[in-house]
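We count ligands from 1, going down the list as the structure has it; atoms in each ligand are counted the same way. Atom set for the values below is all heavy atoms of this structure, side chains included, hydrogens, waters and symmetry mates excluded. The shown structure was predicted, so the numbers you read here are calculated from the model rather than taken from an experiment.
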Amino acid sequence: MLKISNVFKTFNIGTINEKRALNDINLTLNDGDFVTVIGGNGAGKSTLQNVISGTITPDYGKVEINGIDITKFPEYKRAEFIGRVFQDPMLGTASDMWIEENLALAYKRGENRSPFKWMINNENVNLFKNSLAKLGLGLEDRMKSKVKLLSGGQRQAITLLMATIRKPDLLMLDEHTAALDPKTANLVLTLTNEIIEQNNLTTLMITHNMKDALSYGNRLIMMDQGKIIYDVSGEDKKKLTVEDLLKKFNQTKDAPSDAMILG
Ligand SMILES: Nc1ncnc2c1ncn2[C@@H]1O[C@H](COP(=O)(O)OP(=O)(O)OP(=O)(O)O)[C@@H](O)[C@H]1O
Ligand SMILES: [Mg+2]
C-alpha cells in the first residue's frame, strides 16, 4: 500500500552543513503491516516520515500510496489518508478547544467544502463518546473539558484517537510515548497497539525503545545514515532479542548505543 522508491534527501546542499538524510530509500509496506523503526539519532527516521507526509520534498524518488504517486501532493491533501502522532503531547491537539471539538476537527478532516463543517450532531457525539470510553481513561465524561487541562498522557491518547478516528491508510508515530513517564508510556503504547489491531492499520512506529520495537508489530526496520540497513518480519522478528539488536546496532556508523533504550 505504501511504496517508497529510490528516495534521496540532502539538507543544506553545497554548504558546510550539507547532510544526506535519506540515501536511496526503498520500502514497500503491505496492508496491515505494523513496522517498528529504530536507529540512532540523525539516522533519518523522522525525515523518512516527513517525506511520506509531505512536510519535506525528496530530491529524488517516488512515494506511492495505494498505487497513487503522491510525491508532489501537498501535505494537506495527504492528511486525508495519513494519521500522525509526534513526541510532544502539546502538538497534536488544540489546547483551548474542548475534547469534543478536537475530535470533531479530526473527524471532519477532508470534508471542508461543507459550510456546516463544524457542526457536531448527536451521532458524532455518540461516536466520540464510545471511542473515548474505549481508552479507559474516563475521558468520555469530560467531553467539554478544554484539552489544556489534561495530562500529557491523556493528550497523547486523544491525539492518537484523532489520528485514527477516520481510519487512515497509514498511521505514523514518531516516538509518541518518549515524553511520557514509563507507566503512562506503557498505557499509551498498549492503547496504540489495540487501536492498530482492531482497525488493522498499516503503521510506521519510530521508537528508541528496543524492547518495544521487538514486542510490537510484525516487522522491524533499522536505519543508519539515511539507509535501511535491516528489515526483518514475521517469525524472524519474533525470534529476535534485544542483544541481537544491540549487536546489529553497534555495527552501525551513526550513534553510540546509548541512543537506544533497552526497555
Ligand atoms: N529540516 C532540516 N534541515 C536541516 N537538516 C535536517 C532537517 N531535518 C533533519 N535534518 C538532518 O538530517 C539528519 C536526519 O535527521 P532525522 O531527524 O531524520 O533523524 P532521526 O533518525 O529522526 O533522529 P532522532 O532519533 O534524533 O529523532 C540529521 O543529521 C538532521 O540534523
Ligand atoms: Mg526523529
Side-chain angles (χ1 to χ4, degrees), residues 2 4-27 29 34-63 71-72 74-75 78 82-92 152 156 159-160 163 170-180 182 185 188-189 192 203-214 216-217 219-232 242 245-246 248-263:
L2 172 75
I4 298 170
S5 321
N6 308 109
V7 162
F8 289 81
K9 179 70 193 180
T10 302
F11 291 107
N12 305 314
I13 292 178
T15 74
I16 191 163
N17 294 320
E18 181 167 312
K19 174 77 201 174
R20 179 166 279 190
L22 296 179
N23 188 2
D24 199 7
I25 296 285
N26 290 283
L27 176 69
L29 300 192
F34 177 1
V35 184
T36 55
V37 184
I38 58 172
N41 295 121
K45 306 177 297 295
S46 299
T47 305
L48 176 61
Q49 292 202 344
N50 287 335
V51 161
I52 298 169
S53 70
T55 0
I56 286 174
T57 316
D59 301 327
Y60 185 83
K62 196 153 95 171
V63 181
T71 321
K72 300 235 155 57
E75 193 182 355
R78 307 183 194 201
I82 294 176
R84 271 191 109 175
V85 184
F86 297 92
Q87 180 172 342
D88 185 351
M90 303 305 150
L91 273 184
Q156 278 308 64
T159 309
L160 196 62
L170 178 67
L171 175 65
M172 294 198 290
L173 310 167
D174 192 347
E175 298 183 54
H176 72 305
T177 61
L180 307 175
V188 172
L189 254 179
T192 305
T203 306
L204 267 181
M205 179 174 93
I206 298 173
T207 176
H208 278 279
N209 186 310
M210 290 206 244
K211 215 168 161 192
D212 292 341
L214 291 174
Y216 294 99
R219 185 170 168 190
L220 174 149
I221 62 179
M222 185 183 281
M223 290 186 68
D224 181 45
Q225 301 210 317
K227 282 186 175 294
I228 293 173
I229 56 156
Y230 191 41
D231 185 343
V232 58
V242 168
L245 280 188
L246 209 53
K248 196 110 204 144
F249 191 67
N250 282 333
Q251 292 164 2
T252 64
K253 299 186 197 91
D254 254 340
S257 49
D258 59 7
M260 306 294 274
I261 303 160
L262 299 182

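Shortest contact from atom 26 (O) of ligand 1 to any protein heavy atom: N41 ND2, 2.8 Å. Closest to atom 1 (N) of ligand 1 among all protein heavy atoms lies F11 CE2, 3.6 Å. For atom 16 (P) of ligand 1, the nearest non-hydrogen atom of the protein is T47 OG1, 3.5 Å. If you check which protein heavy atom lies closest to atom 28 (C) of ligand 1, you get G42 CA, 3.9 Å. The protein atom (non-hydrogen) at minimum distance from atom 17 (O) of ligand 1 is S46 CB, 3.7 Å. When hydrogens are left out, the protein atom nearest atom 12 (O) of ligand 1 is A21 CB, 3.4 Å; that is the closest non-hydrogen contact.
In terms of heavy-atom proximity, D174 sits nearest to S46 at OD2-OG, 2.7 Å.
Checking atom 5 (N) of ligand 1 against the protein gives a heavy-atom contact under 4.0 Å. For atom 30 (C) of ligand 1, the nearest protein heavy atom lies 4.0 Å away or farther.
Between D231 and R219, at least one side-chain nitrogen of the basic residue sits less than 4.0 Å from a carboxylate oxygen of the acidic one, meeting the salt-bridge criterion.
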### Task
Let me see the working for D24 and F8 under side chain to side chain contact (heavy atoms under 4.5 Å, CB included), right down to the final yes or no.
CA-CA 5 Å; D24 199 7; F8 289 81; 3.4 Å; yes
### Message
Working note: L189 + H176, criterion side chain to side chain contact (heavy atoms under 4.5 Å, CB included); need CA distance, chi angles, decisive distance, verdict.
### Response
CA-CA 9 Å; L189 254 179; H176 72 305; 4.3 Å; yes
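Of the polar atoms of K45, at least one N or O is found under 3.5 Å from an N or O of ligand 1, judged by distance alone. Checked against a 3.5 angstrom limit, the closest N/O atoms of A43 and ligand 1 fall inside it. Taking distance alone, with nitrogen or oxygen atoms compared against 3.5 Å, L48 stays at or beyond that limit from ligand 1.
Annotation: side chain of F249 is not in contact with side chain of L245 (no heavy-atom distance under 4.5 Å). Residues N26 and N6 meet the side-chain proximity criterion, which asks for heavy atoms closer than 4.5 Å. Between F11 and I56, the closest side-chain pair of non-hydrogen atoms falls below 4.5 Å. Between V35 and L27 the shortest side-chain heavy-atom distance does not fall below 4.5 Å. No side-chain heavy atom of N23 sits less than 4.5 Å from a side-chain heavy atom of T10. Side-chain contact between T192 and T203: absent, with no pair of heavy atoms (C-beta onward) separated by less than 4.5 Å.
Only side-chain heavy atoms of E175 come within less than 4.0 Å of ligand 1; its backbone N, CA, C and O stay farther off.
Once rounded to the nearest 0.5 Å, the distance linking NZ of K19 with NZ of K9 reads 14.5 Å. The distance from the CG atom of D224 to the CE atom of M222 is 8.5 Å, given to the nearest 0.5 Å.
Residue contacts with ligand 1 include H208, since one or more of its heavy atoms lies under 4.0 Å from the ligand. Remark: distances from the non-hydrogen atoms of G44 to ligand 1 include one below 4.0 Å. In this structure, K9 does not count as a contact residue of ligand 1, since none of its heavy atoms falls inside 4.0 Å of the ligand. The shell of residues lying under 4.0 angstrom from ligand 1, judged by heavy atoms, includes G40.
Using modelled atom types, no side-chain atom of Q156 and backbone atom of G152 make a donor-acceptor pair closer than 3.5 Å.
Around the Mg ion (ligand 2), protein atoms of type N, O or S found under 2.8 Å number 1.
The only option from E75, R78, R84 that meets the side-chain hydrogen bond (donor to acceptor under 3.5 Å, both in side chains) definition with S53 turns out to be R84.
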